[in-house]
Number of protein chains: 4
Amino acid sequence: MSCKVSAMVGRPRSEAARKAILRAALDLCARDGYQNVTMKGIAQAAGSGRQTVYRWWQTKAQVLLESLTGVLAEEVPEVPETGDARADLVTFLERTFVLAQGVAGQVVTGLMADAQSDPGLAAELREKIITPRRAALRSILARGAVPGDVDLELAVDLVYGAMWYRLLNRHAEVNTDLAEEIAGLLGRIR
Amino acid sequence: MSCKVSAMVGRPRSEAARKAILRAALDLCARDGYQNVTMKGIAQAAGSGRQTVYRWWQTKAQVLLESLTGVLAEEVPEVPETGDARADLVTFLERTFVLAQGVAGQVVTGLMADAQSDPGLAAELREKIITPRRAALRSILARGAVPGDVDLELAVDLVYGAMWYRLLNRHAEVNTDLAEEIAGLLGRIR
Amino acid sequence: MSCKVSAMVGRPRSEAARKAILRAALDLCARDGYQNVTMKGIAQAAGSGRQTVYRWWQTKAQVLLESLTGVLAEEVPEVPETGDARADLVTFLERTFVLAQGVAGQVVTGLMADAQSDPGLAAELREKIITPRRAALRSILARGAVPGDVDLELAVDLVYGAMWYRLLNRHAEVNTDLAEEIAGLLGRIR
Amino acid sequence: MSCKVSAMVGRPRSEAARKAILRAALDLCARDGYQNVTMKGIAQAAGSGRQTVYRWWQTKAQVLLESLTGVLAEEVPEVPETGDARADLVTFLERTFVLAQGVAGQVVTGLMADAQSDPGLAAELREKIITPRRAALRSILARGAVPGDVDLELAVDLVYGAMWYRLLNRHAEVNTDLAEEIAGLLGRIR
DNA sequence: ACGTAATCGAGACGGTACGTCGCGTCTTGCG
DNA sequence: CGCAAGACGCGACGTACCGTCTCGATTACGT
């Protein structure tokens, strides 16, 4: 998108540095926790200069958001329509929850925290991470996992809500059992 | 409990300062957002010395946790048993959600964020805020708002999860309508 | 001098506390050095309250000035007139220098330092410590240790100056040898 | 001397900041007195960050020692050998005392005070300020201002001692008259 | 003997400087 | 001109000491 025709002089952006930074941010987040990650630390761990990070991202949240996008893109929980609505739902949730148990959980949790005081980040987070997955879950639910007259937005809130709640509060795990249990309970709605 | 009989020498703790600090913390949180509150700022706003804050609390999270406790204690959502399980549930959720829409939402959200990197705070938060309210909701649900064989812990996760999800992600309001909707959906479980 | 006739009600001043404070100040000064002595530390070491110290002295300098006065009063270097002017001078200087090598040196050095930024203390220090000793040295010198037409004030400056210089700069000891050497050099003035 | 050939990466030290800090320290010392100078104040007055001061100096004493070195280097009291030993001595002392009456006196006095509780500073002060000037005075005296068999170290102690004594105790000025008087008295030693 | 009043200890109070750390920006030389 | 290195101005951190204050307890005097 940038550097269309004119100019394009000087040394080009180092793709190696970009990847190193995204990777370093992820690793540090896994090791020290999101809140303890710093721009300085990211640059250091990536073996890059501080300015190189700031040149392409404004905040650590943006770095980690892009890191996260990379992680999630590798394994998007797209579920083929098998005809069994509940099985599809379970499959979707299982895949989602497995991701949430890994670094992605760490990152997305931290991003959500930062988003509380950064409306721009909040919007970006919703746009790039939350909303697409809400839409995916909604379409799965629409296959018949809940009765047709149920408010799907509310159902999505309940399901993802439970996941977020457990991710943040850690009173219980977000594992494959939860997928089954949620699907089971939704299936009892008449 | 403390300072029962013996000892109790020296100048006693200033209750005025304590209240001023708790109040200032709350006000700052409402004005600037949890993440932008600082110990220095709290002390300044409370017209107290920095050491006075640190003498009684170790972190801003602890200050705000106590502030929050004060706020929540004023209006505990205890619901009399009317016999109508669903009505009780709605009442409980409405009261809960009204609180969540105010400063308490700001604070509890920030505390949850901090708790991600502070296990001690996480435990305290669960113990003092989360768990009691989970128990309250659970007992309300047990009055018959959901069928007897439903896993109440899971039901609590779904309900509070939806609230937390909306509080954090702000894709929808946490208002009295939500109370009705949730109660309605739970009521359809067979 | 104080509390002449009227009033004089209430609990009388604790002489024990006064002595303990003066003693503690001196001990701390010897142990930690003048600059590291604090009012809090003095009170603690004396087993007294902070206010008790502040009630009777305004600054640590005043406490230590009184402590010092006590020390110096114990052994005032008054020299009997033996007829041998030089011997009298040596005796006086030896006694003076012995005192200077002890805690008194520590204290007076620190007081002098503080006096640089506290004109009141400077005046008090001159009045109570410096001037009396200058007068004493001057009268000894006037016995014939230097020719009669020598400016005695200048001579005093040279002698006490050498002592102070060595006390502060520590490039050489202030010992009895110095007394002999100074007396010898003054004796060569014609 | 430093940063000779290799390395020398990163942004170079700001000479402007360095000079501003040294200057600010000096100004504050002249205005508020050595004891009231703070690292925070120096940084503020210099328009620099606190860390920038700490990066290059550990204490305010070190800052002011370097400031002082700058001041003294501007006008080193080097005296050409005129053949008249006493005249040379008077010239040297006059130049010395003029400096001592200015800010340099303030600073060196404060440094000496701090040196009482900081052996490292004491050594540095002796090495960089005291000893070179002692050597200079000694060589002047050796030109014949005092008889050849007089202990020059002692003579230096007496002369500089008088200066220091007056600087600290302020019972008399350190002016050009003093230079004449001291030279006169030394000239009477046989 | 008993109230009055100033003392005592202890320690919390509002301040402020300390020295450290992370921020986001800047200024170098090298590739 | 991108990039590493790292110094820069800034400001919050948690600590220490300042001098003041507020407690309960103690100790003399003047009724």
Exercise answer: donor-acceptor pairs, residues 104-111 of chain A side-chain atoms, under 3.5 Å, sequence neighbours excluded:
from, atom 1, to, atom 2, distance (Å)
Thr109(A), OG1, Gly105(A), O, 3.0

Could you tell me the separation between the [atom1] atom of [X] and the [atom2] atom of [N], rounded to a whole number of Å?
X	N	atom1	atom2	result
Asp32(A)	dG22(E)	CG	C1'	14 Å
Asn36(C)	dA16(F)	CG	P	14 Å
Ile42(A)	dG22(E)	CD1	P	13 Å
Arg13(B)	dC21(F)	CZ	P	22 Å
Lys19(B)	dC13(E)	NZ	P	14 Å
Leu28(C)	dC17(F)	CG	C1'	14 Å

Do any of residues 112-123 of chain C sit with a heavy atom less than 4.0 Å from DNA chain F, and if so which?
none

Starting at the 5' end of DNA chain E and moving along, which residue's nearest nucleotide shows up first, Ser14(B) or Gly10(B)?
Gly10(B)

Summarise how protein sits on nucleotides 15-21 of chain E as a single string, 5' to 3': B when a protein heavy atom is under 4.0 Å from the base, S for sugar-phosphate-only contact, - for no contact.
--BBBBB

Distance-minimising heavy-atom pair for [X] and [Y]:
X	Y	result
Lys60(D)	Tyr34(D)	NZ-O, 2.9 Å
Ile21(A)	Val63(A)	CG2-CG1, 4.0 Å
Ile42(A)	Ala25(A)	CD1-CB, 3.9 Å

Salt bridge between Lys128(C) and Glu66(C), side-chain N to carboxylate O under 4.0 Å?
no

Ionic contact status for Arg23(A) with Asp27(A), cut-off 4.0 Å:
yes

Using a cut-off of less than 4.0 Å, is there contact between a side-chain N or O of Trp56(A) and OP1 or OP2 of dC3(F)?
yes

With a cut-off of less than 4.0 Å, is there a side-chain N or O of Thr52(C) near OP1 or OP2 of dG9(E)?
yes

With nearest nucleotide decided by heavy atoms, which residue, Glu15(D) or Ala17(A), maps closer to the 5′ end of DNA chain F?
Ala17(A)

First encountered from the 5' end of DNA chain F, between Arg55(D) and Arg55(A):
Arg55(A)

Report yes or no: is there a donor-acceptor pair, N or O only, under 3.5 Å between the side chain of Arg11(D) and the base of dC26(E)?
yes

The criterion is side chain to side chain contact (heavy atoms under 4.5 Å, CB included); which residues satisfy it with Ala20(C), sequence neighbours excluded?
Ala46(C)

Using the side chain to side chain contact (heavy atoms under 4.5 Å, CB included) criterion, which residues pair with Thr38(C)? Sequence neighbours excluded.
Lys40(C)

Residues at least two apart in sequence or cross-chain that pass salt bridge (Lys or Arg N to Asp or Glu O under 4.0 Å) with Glu127(A), listed by chain then number, are none

